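Following: one structure in structure tokens, then a few remarks.
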Amino acid sequence: MPVYLPTSVVGNTRNLVTLGHSGEIMAWFYPHKDAFQHITACLPCVYFGHGQQGQLHFTFEPTFEREQGYVGDSNVLQTTLKSGNIEIEFQDVMPDNWPLLARRIRVSNLGHEHWNGGIYHLGDWKMGGHREGNGVRFDQSDRSIIQNHREFALAIGGDALDGHHLGKAGANWSHNARYALESGILASNDLEIGDVNFAFGFYVDLAPGQSIEHTVYFALGQSESEAKNVLGVGRARGFEWFKDERLRLDAEFLERGLDTIHQTGATLDAELYAAFKRSLLALPLLNGEEGAAVAAPEFDPEFISCGGYGYHWPRDGGEYVSGLLDAGYPEFAGGFFDWCARHQDINGLWHQRYHLNGESAPNWCLPPDTLQVDEVGAVGWAFGKILSASPDFKITPQYRRMLKSASDYLVSRLDEQTGVHRNAFDTWETFIGSFTYSNAAIYAHLTTAAKVCRSKEYAQAAARVKAGVLTHFVRETSGVRHLVRGFKGDGSPDEVIDSANLGAIEPFGLLDLSVDAELDIALGTLQIITERLEVDWQGGRAIRRFEGDEYVGGVPACVNTLWMSRCCLQVAAELKRRGRADEAAELFERAEGFLKVVLKRATATGLLPELMQGPDGQTFWAAPHGWAMASFVSGVLKLAKLK
């Protein structure tokens, strides 16, 4: 199937729903945020005119102008569509606690003549990820559509369900619901089985200036009775109750983050402030009840254009909880470390990526020589961060065992002669060798473990890793000392300039900026990355991943650009402390520019992606991306503190 990119998300602890720019309900992950997909397509559409006399148009067609955004500082989504004098507004809200999506539909005639037509949805759902063997029926007792397959069921109801049609999804079936929509007449039949689809909606006849509102509730459950009970909750409480509750809960959640940034005393650019709030509101939507977050909602489950994003990478998890921790939300870190302790490999490592239940996901970075070893190091780094930020955080025996086991594994992977790790996969899951970034992650992990476990062995190992990086991975170009990628798989030098080298500055702190020589290396690394990887991008400057990058044509990424921003600010703070105000100011200005340029490739609703362009020219790729948004939060807070 083609790859369609969502522009917005709503959700709660067990549900994650992605939506398109035209109000398409694209995916619903339930009962876990990495679960199989229940939706092939759920598309709003409009029949202009009377049945068999008009024409059907889906809202994604050029017939419509569209605008989408969240309502204020909340996760209530609003999509506005216009075609001629007709305006259609969807408001979507998902409450806490229930697998329920409430959609209010408002249709307005902005013209001077009567308008009539049908406002419909075409549903092609595959319950539990199965197209075949589904049943769909219309329950006359409460006027609801029920579709189910084994333990998963969908129930749809509300006053937007005035007419309906139950059909077969295949193009060769004459009673396909799409064909009924194209005719403008729904059959109101009661049953279909197999590879099914359905349509529902209502007909309107609006006088000039008139508007009408209807509501539809989509409810999921792990049985038909459960789905119908959830639908009953929706009908009983009503859309306005859910909307008001969502607004209240989101305002409460934001309070801590806003307090954190207000404590800096800085006045932020309005654009950065708005994006800071949006990132904070979006980040929890990626986190599951298991304690781990998906990197991004899955949008390419067949791995057509990429290897997939709907999984948990422990390294991404560390960055995710780091951003939230910076903003004042330590509870996410506790859940993450509990997850890490539960699902640590018997050998002390963590694998490349996981399903949220801790089972290994489709991986290609496998131990021993092709493990993505920074996944292991990043966990210890993040643990050290929460210890610094939250002195009351309790180090349980389970956490000590986790850190010791991981540290023993990391020490076993170090080369006795060079001090750096033996072969592993790099940050980008592309190259095999020994790398500045992954060694910096190991250094940070062992430094934390040395303190927590009171281990001289780990402290000495961390010192050897640092010495190895400074001995083998530092070069001088035109009088400037800087970091390179590291060693290739055959042990020869890898001289490539890679944005991942920034990890030695931030977040892992292998370079001690208070030491003159190491500050010079940090400055040189920023300079060489600027010269080799910085590009013009929509009136700003952005950072590519590494020299020779061929993925998606080597376009810049939000992750790398935000990383550069954080490093500029980290170095600027040290320069300011040393009285080098002009140099600090220059880095500060560049950092602010990096924070702003990524917003140019946010989705229509302000969600940040991983990449700033897709493989087929899409303006973004993989949104909302947890690492990118968490990095943005951390970068804005660094900017505010330095300001």
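Note that the structure is predicted; figures quoted are calculated from it, not measured. The residues of the chain are indexed from 1 along the displayed sequence.
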- Query: Taking it one step at a time, do L43 and D124 satisfy side chain to side chain contact (heavy atoms under 4.5 Å, CB included)?
  - Reply: CA-CA 9 Å; L43 306 174; D124 186 355; over 6 Å; no
- Message: Using side chain to side chain contact (heavy atoms under 4.5 Å, CB included), reason through I261 and L637 one step at a time and then give a plain yes or no.
- Response: CA-CA 6 Å; I261 203 160; L637 286 167; 4.0 Å; yes
- Who are the side-chain contact (heavy atoms from CB on, under 4.5 Å) partners of E182, not counting sequence neighbours? L56, R178, Y179
- Note on the structure: Closest non-hydrogen contact found for S144 with L231 is CB-CD2, 3.8 Å
- Is a donor on one side and an acceptor on the other found under 3.5 Å between the side chain of H312 and the backbone of Y354? no
- Message: Can you tell me if E113 has over 12 outside heavy atoms packed within less than 6.0 Å of its CD?
- Response: no
- Task: Report the distance from atom OG1 of T7 to atom CE of M26, rounding to the nearest 0.5 Å.
- Result: 7.5 Å
- Do P6 and L19 come within less than 4.5 Å of each other through their side chains, counting heavy atoms only? no
- Please find out if less than 6.0 Å separates the ring center of W28 from that of F218. no
- Item | Inter-residue atom distance R103.CZ - L100.CG, 0.5 Å rounding | 13.0 Å
- Item | Nearest non-hydrogen partners of T13 and K33, listed with the distance | O-CE, 3.3 Å
- Message: Would R143 and D162 count as a salt bridge (charged side-chain N to carboxylate O under 4.0 Å, His left out) here? Give the steps.
- Response: CA-CA 9 Å; R143 297 196 55 78; D162 184 51; 5.0 Å; no
- Query: Near I193 CD1, under 6.0 Å, is it more than 12 heavy atoms from other residues, nucleotides or ligands?
  - Reply: no
- According to the interplanar angle, ranging from 0 to 90°, do the rings of H38 and F36 count as parallel (below 30°), tilted (30 to 60°) or perpendicular (above 60°)? perpendicular
- Salt-bridge present (D250, R246; N to O < 4.0 Å): yes
- Sorted by first residue and then second, give each ring-ring contact (aromatic ring centres under 6.0 Å, His included) pair with at least one member in residues 93-116; sequence neighbours left out. F48-W115
- Closest non-hydrogen atom pair between G184 and Y120, with its separation: O-OH, 4.1 Å
- Item | Side-chain heavy-atom pair D300, E298 within 4.5 angstrom cut-off | yes
- Message: Within this structure, what is the CG-CG distance for the pair D73 and L258, rounded to the nearest 0.5 Å?
- Response: 7.5 Å
- Message: Run the side chain to side chain contact (heavy atoms under 4.5 Å, CB included) test on H121 and I105 for me, step by step, so that the C-alpha distance in whole Å, both residues' side-chain angles and the decisive distance to 0.1 Å come before the verdict.
- Response: CA-CA 11 Å; H121 283 72; I105 307 167; 3.9 Å; yes
- Query: What pairs meet the side-chain hydrogen bond (donor to acceptor under 3.5 Å, both in side chains) rule with one or both residues in residues 191-201, with sequence neighbours excluded?
  - Reply: R131-D195, H175-E192, N176-N197
- Q538 meets the side-chain hydrogen bond (donor to acceptor under 3.5 Å, both in side chains) criterion, sequence neighbours left out, with R601
- Message: Taking side-chain hydrogen bond (donor to acceptor under 3.5 Å, both in side chains) as the cut-off, I'd like each qualifying pair that reaches into residues 145-156, sequence neighbours left out, listed once.
- Response: N134-Q147
- Sorted by chain and number, sequence neighbours left out, ring-ring contact (aromatic ring centres under 6.0 Å, His included) with W313 holds for none
- Message: Between V633 and F276, does the side chain to side chain contact (heavy atoms under 4.5 Å, CB included) criterion hold? Intermediate values first, please.
- Response: CA-CA 6 Å; V633 166; F276 174 81; 3.7 Å; yes
- Message: I want to check something: taking the side chain as every heavy atom from C-beta on, are R106 and S211 in contact at a cut-off of under 4.5 Å?
- Response: yes
- Note on the structure: Those residues at least two apart in sequence (or on a different chain) that pass side-chain hydrogen bond (donor to acceptor under 3.5 Å, both in side chains) with E224 are R137
- Query: H164 and ring-ring contact (aromatic ring centres under 6.0 Å, His included): which partner among F138, F198, F200, F202?
  - Reply: F138
- Message: Check whether N109 reaches the backbone of L206 with its side chain - one donor and one acceptor, N or O, closer than 3.5 Å.
- Response: yes
- Side-chain touch I146/V136, heavy atoms, less than 4.5 angstrom: no
- Nearest 0.5 Å, what's the CG-CZ distance between L285 and F29? 13.0 Å
- Message: Using 30° and 60° as the class boundaries, would you call the ring planes of F152 and Y30 parallel, tilted or perpendicular?
- Response: perpendicular
- Query: Going by heavy atoms in the side chains, are N287 and P284 under 4.5 Å from each other?
  - Reply: no
Side-chain polar contacts of residues 611-622 - donor-acceptor pairs under 3.5 angstrom, sequence neighbours left out - could you list them?
from : atom 1 : to   : atom 2 : distance (Å)
Q618 : OE1    : D616 : N      : 2.8

- Kindly give the heavy-atom pair with the smallest separation between A640 and L268, and that separation in Å. CB-CD2, 4.3 Å
- Message: Check this for me: does any side-chain nitrogen of one of E245 and R248 sit under 4.0 Å from a carboxylate oxygen of the other?
- Response: yes
- Message: I'd like to know if E89 pairs up with K82 as an ion pair, taking the criterion as any Lys NZ or Arg NE/NH1/NH2 lying under 4.0 Å from an Asp or Glu carboxylate oxygen.
- Response: no
- Task: Go through H355 and Y311 one step at a time and tell me if the ring-ring contact (aromatic ring centres under 6.0 Å, His included) criterion holds.
- Result: CA-CA 5 Å; H355 296 288; Y311 304 101; 5.4 Å; yes
- Query: Side chains of T603 and S8: does their closest heavy-atom pair fall under 4.5 Å?
  - Reply: no
- Query: What closest approach, in Å, do T215 and D159 show between heavy atoms, and which atom pair accounts for it?
  - Reply: N-OD1, 2.6 Å
- Task: State the CG-CG distance between N12 and L249, to the nearest 0.5 angstrom.
- Result: 11.0 Å
- Would you please name every residue forming a side-chain contact (heavy atoms from CB on, under 4.5 Å) with N97, sequence neighbours left out? none
- Carboxylate-amine/guanidinium contact R104 D92, below 4.0 Å: no
- Message: Taking the side chain as everything from C-beta on, heavy atoms only, tell me whether F299 gets closer than 4.5 Å to Y309.
- Response: yes
- Query: Which residues pass the side-chain hydrogen bond (donor to acceptor under 3.5 Å, both in side chains) test with N75, sequence neighbours left out?
  - Reply: R278
- Quick one: ring-ring contact (aromatic ring centres under 6.0 Å, His included) pairs with a partner in residues 228-257, sequence neighbours left out? F253-Y329
- Any side-chain heavy atom of V46 within less than 4.5 Å of one from F64? yes
- Task: Identify the heavy atoms of I39 and A27 that sit nearest to each other, and give their distance.
- Result: CD1-C, 4.0 Å
- Could I get the full list of side-chain hydrogen bond (donor to acceptor under 3.5 Å, both in side chains) partners for S631, not counting sequence neighbours? R566
- Main-chain N/O of F594 paired with T561 side-chain donor or acceptor, under 3.5 Å: no
- If you measure from CG on D269 to NZ on K596, what distance do you get to the nearest 0.5 Å? 4.0 Å
